[in-house]
Amino acid sequence: MDLISIYLVYLGVLLHEKKQTAEAQDFIDRGITICRDILEKTPKQYEQLYTLALAFIDKRNVTESLGTYKKAIVTCPAKGVLKKELMTLDLLTGQYRNAQSLTRFRSF
């Protein structure tokens, strides 16, 4: 597991919340690149899939985010992991709590 990609995406999301868009985008893009590189070599890295899905939400790409969340859930359907990822999503992106896309995600 590579923590750098996770931290880059988390930092990018938090910077977006602080309206530091240019910096946020840079961190998100770097995190996406690292996630994709890792997933190319080891496609079962569910934490990278969840991180990538979060990055796509931050980029307002709900369709790609939901597809990536589906892959992550299939890869690791453990309820504890799913609960942790939902909590992370809620904590980092409070603006999405009532979003229709999150409701659809929870219904998988």
Side-chain angles (χ1 to χ4, degrees):
M1 173 182 62
D2 183 272
L3 293 176
I4 293 172
S5 61
I6 296 169
Y7 292 135
L8 287 171
V9 170
Y10 285 12
L11 185 56
V13 170
L14 293 172
L15 285 170
H16 257 148
E17 294 291 317
K18 297 283 188 185
K19 308 290 187 226
Q20 297 176 11
T21 307
E23 288 177 294
Q25 197 60 52
D26 180 52
F27 284 112
I28 294 287
D29 290 342
R30 288 171 43 205
I32 287 173
T33 299
I34 294 170
C35 283
R36 285 183 170 156
D37 289 346
I38 291 169
L39 289 168
E40 192 175 291
K41 296 172 189 162
T42 52
K44 299 285 185 185
Q45 287 283 339
Y46 68 89
E47 287 189 336
Q48 297 299 317
L49 287 166
Y50 280 114
T51 301
L52 192 57
L54 177 63
F56 290 141
I57 280 184
D58 193 72
K59 291 176 81 65
R60 309 298 194 260
N61 190 339
V62 175
T63 302
E64 195 160 0
S65 178
L66 287 173
T68 306
Y69 272 120
K70 284 181 184 180
K71 283 182 195 176
I73 292 168
V74 168
T75 302
C76 182
K79 289 184 181 188
V81 171
L82 182 56
K83 185 174 182 176
K84 174 200 167 275
E85 295 302 330
L86 280 171
M87 288 172 48
T88 300
L89 181 64
D90 282 345
L91 285 170
L92 289 175
T93 60
Q95 70 216 32
Y96 299 107
R97 284 188 188 148
N98 297 317
Q100 225 175 18
S101 59
L102 183 56
T103 303
R104 289 190 344 213
F105 168 63
R106 286 183 174 157
S107 68
F108 291 128

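Because only heavy atoms are used, hydrogens play no part in the values below, and waters and symmetry mates are left out as well, while side chains stay in.
- The shortest heavy-atom contact between Gly12 and Ala24 is O-CB, 3.2 Å.
- In this structure, the side chains of Leu8 and Ile28 stay at 4.5 Å or more apart for every pair of heavy atoms.
- The heavy-atom pair separating Ser5 from Gly31 by the smallest distance is CB-O, 3.8 Å.
- Note that the CD1 atom of Ile38 and the OG1 atom of Thr33 stand 11.0 Å from one another [nearest 0.5 Å].
- From Leu52, atom CG reaches atom OH of Tyr69 across 10.0 Å, with rounding to the nearest 0.5 Å.
- A donor-acceptor pair under 3.5 Å is formed between the side chain of Ser65 and the backbone N or O of Ala53.
- Side-chain contact between Ile32 and Arg36 is present, with heavy atoms from C-beta onward closer than 4.5 Å.
- Distance check: Thr21 OG1 to Lys19 NZ gives 7.5 Å after rounding to the nearest 0.5 Å.
- Interatomic distance, CD of Gln48 versus NZ of Lys41, reported as 11.5 Å (0.5 Å rounding).
- Put simply, the side chain of Ile6 does not reach to within 4.5 Å of the side chain of Tyr50, judged on heavy atoms.
- Sorted by first then second residue, the salt bridge (charged side-chain N to carboxylate O under 4.0 Å, His left out) pairs that include residues 21-33, not counting sequence neighbours, are Asp26-Arg30, Asp29-Lys59.
- Val74 and Leu49 fall into different hydrophobic clusters, where Ile, Leu, Val, Met, Phe, Trp and Tyr side chains are chained together by heavy-atom contacts under 4.5 Å.
- Contact record, Lys71 with Thr75: O-OG1, 2.7 Å, taken as the closest heavy-atom pair.
- With Tyr10 as the partner, the side-chain contact (heavy atoms from CB on, under 4.5 Å) test is satisfied by one option alone out of Asp58, Leu54, Leu3: Leu54.
- Cys76 and Val81 make their closest contact through SG-CG2, 3.8 Å (heavy atoms, listed as atom of the first residue, atom of the second, distance).
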